[in-house]
Amino acid sequence: MRMNTAFRPMQALGTMLCIRGGQFLQPPTTMFHRCASICDSAAGVQAGRALTLVCGTNRSMESFMKRLIGNFGWRIAVMMGVNYLLIKGLMMSVLGLIRLSYCKKTLGINGTQCQTMQAIAQTPWAIKGAFGVVSDAYPLFGYHKASYIIVSACMGTVAFFALATADNISVTVAATLLFAANFQIAVADLLCEGRYAALMQEKPHTGSTMVSYVWGCFQIGSLVAAMFVGPVADHYNPQVRFISNCVPWLGCVAD
């Protein structure tokens, strides 16, 4: 049976500490030096394994990105990265995480009113399918997706700017602005989903490369939002957090 590496230094120390007649077989200094060298070698093995894992991960990520860009092109990679890392991952997570603090500190409303406002704000996600039908049937300025994403991004930018700067707004106005903010995220999410689904259907040999990339970007954006939304909401007015969302993420329009 193979022994765990963590116990090998202790085994060696026990072997060297054999006592006969109350006398150490070896001087204590020698024993501890040998034990330290064994510990160092064990730590070196663990460090080597960790370094190998990191290097292997970097090589895997590099190979993954080369395969993604080779199959879909850098424009699609940038469009999906911006949409799912910054828009759906970061912005949508911020809206969800800061909601309670915004209701209590900024609007000063109770839980019932907050839930009602949230239901209104989330309506774009419930009617997202209708946006897809409209965009497919009626191209805007000659484009089925890009023009709709630009219009929704402008609406969301105005909404986030108003949420970040307006003081003493009513619950109705706040719900309307949050509706427009969610409208931007929902439209961008839907149309980008349609875009990469069509590409995956054209290139079935790519497998789940695009899906893995999309969900990886989304999880990273959500993690970043969760790391700083709490401290910002605790120490500052929650409106401060809407300022960074005022940037119109039009980089997703690489179609």
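When a residue number appears, it is its place in the shown sequence, counting from 1. The structure presented is a predicted model; accordingly, all values stated were derived computationally and were not measured.
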Checklist line | Neighbour count above 12 (heavy atom, 6.0 Å) for Trp215 CH2 | finding: no

Next item on the list: Given side-chain contact (heavy atoms from CB on, under 4.5 Å), test Ile220 with Tyr84 step by step and report yes or no.
Entry: CA-CA 9 Å; Ile220 292 173; Tyr84 288 97; over 6 Å; no

Next item on the list: Could you tell me the separation between the CD1 atom of Ile149 and the CZ atom of Arg195, rounded to the nearest 0.5 Å?
Entry: 10.0 Å

Check: Within a radius of less than 6.0 Å around NZ of Lys104, do more than 12 heavy atoms belonging to other residues, nucleotides or ligands occur?
Finding: no

Next item on the list: Would you mind reporting whether Lys128 and Asp189 have side-chain heavy atoms less than 4.5 Å apart?
Entry: yes

Next item on the list: May I ask you to test the Gln115-Arg99 pair for a side-chain heavy-atom distance under 4.5 Å?
Entry: yes

Next item on the list: Could you check if a side-chain atom of Phe131 sits within less than 4.5 angstrom of a side-chain atom of Leu191, using non-hydrogen atoms only?
Entry: no

Check: Quick one: does Trp74's side chain get under 4.5 Å of Met79's, heavy atoms only?
Finding: no

Checklist line | From Thr172 atom OG1 to Gln113 atom CD, the distance as rounded to the nearest 0.5 Å | finding: 9.5 Å

Next item on the list: Indicate the atoms forming the closest heavy-atom contact of Leu163 with Ala174, along with that distance.
Entry: CD2-O, 4.4 Å

Notebook entry, point to check: How about Met200 and Met210: do any of their side-chain heavy atoms sit closer than 4.5 Å?
Noted result: yes

Margin query: Is the distance between the ring centroids of Phe72 and Tyr196 under 6.0 Å?
Written below: no

Next item on the list: Using the side-chain contact (heavy atoms from CB on, under 4.5 Å) rule, take Thr209 and Arg67 through it: C-alpha gap first, then chi angles, then the decisive distance, then the call.
Entry: CA-CA 8 Å; Thr209 304; Arg67 186 167 66 251; 3.7 Å; yes

Margin query: Would you say Leu178 ends up clustered with Ile109 if hydrophobic residues are merged whenever their side chains have heavy atoms under 4.5 Å apart, either directly or through other cluster members?
Written below: yes

Margin query: The test is side-chain contact (heavy atoms from CB on, under 4.5 Å); show your working for Leu86 and Met91 and say whether it passes.
Written below: CA-CA 6 Å; Leu86 300 179; Met91 293 172 61; 5.7 Å; no

Note to self: According to a hydrophobic-cluster definition based on side-chain heavy atoms being under 4.5 Å apart (Ile, Leu, Val, Met, Phe, Trp, Tyr only), do Ile69 and Val78 belong together?
What the structure shows: yes

Checklist line | Distance in Å, Cys103 SG paired with Met117 CE, rounded so as to fall on 0.5 Å steps | finding: 3.5 Å

Note to self: Other residues, nucleotides and ligands only: do more than 12 of their heavy atoms fall within 6.0 Å of CG on Asn168?
What the structure shows: no

Margin query: Taking Phe160 as the starting point, is it possible to reach Val224 by hopping between hydrophobic residues whose side chains are less than 4.5 Å apart?
Written below: yes

Item checked: Transitive ILVMFWY side-chain link Ile127 to Leu140, under 4.5 Å -> yes

Notebook entry, point to check: Should the pair Phe183 and Phe179 be assigned to parallel (<30°), tilted (30 to 60°) or perpendicular (>60°) ring geometry?
Noted result: parallel

Margin query: Could you tell me if the side chain of Leu199 sits less than 4.5 Å from the side chain of Glu202, heavy atoms only?
Written below: yes

Note to self: When you group the ILVMFWY residues by side-chain heavy-atom contacts below 4.5 Å and let the links chain together, are Leu223 and Ile98 in the same group?
What the structure shows: no

Check: About how many Å separate CG of Leu190 and OG of Ser135, when rounded to the nearest 0.5 Å?
Finding: 6.5 Å

Note to self: Could you check whether any side-chain heavy atom of Val187 comes within less than 4.5 Å of a side-chain heavy atom of Pro124, counting everything from C-beta outward?
What the structure shows: no

Note to self: Using 30° and 60° as the class boundaries, would you call the ring planes of Tyr213 and Phe64 parallel, tilted or perpendicular?
What the structure shows: tilted

Notebook entry, point to check: Which pair of heavy atoms, one from Leu177 and one from Ala159, lies closest together, and at what distance?
Noted result: O-CB, 3.3 Å

Margin query: Let's go through Leu68 and Ile76 carefully: what are the C-alpha distance in whole Å and the side-chain angles of both, what is the deciding distance for side-chain contact (heavy atoms from CB on, under 4.5 Å) to 0.1 Å, and is it a yes or a no?
Written below: CA-CA 9 Å; Leu68 176 73; Ile76 297 298; over 6 Å; no

Next item on the list: Find the distance between NZ (Lys88) and CD (Gln184) and round it off to the nearest 0.5 Å.
Entry: 14.0 Å

Check: Are Tyr148 and Tyr138 side-chain neighbours, meaning at least one heavy-atom pair lies under 4.5 Å?
Finding: yes

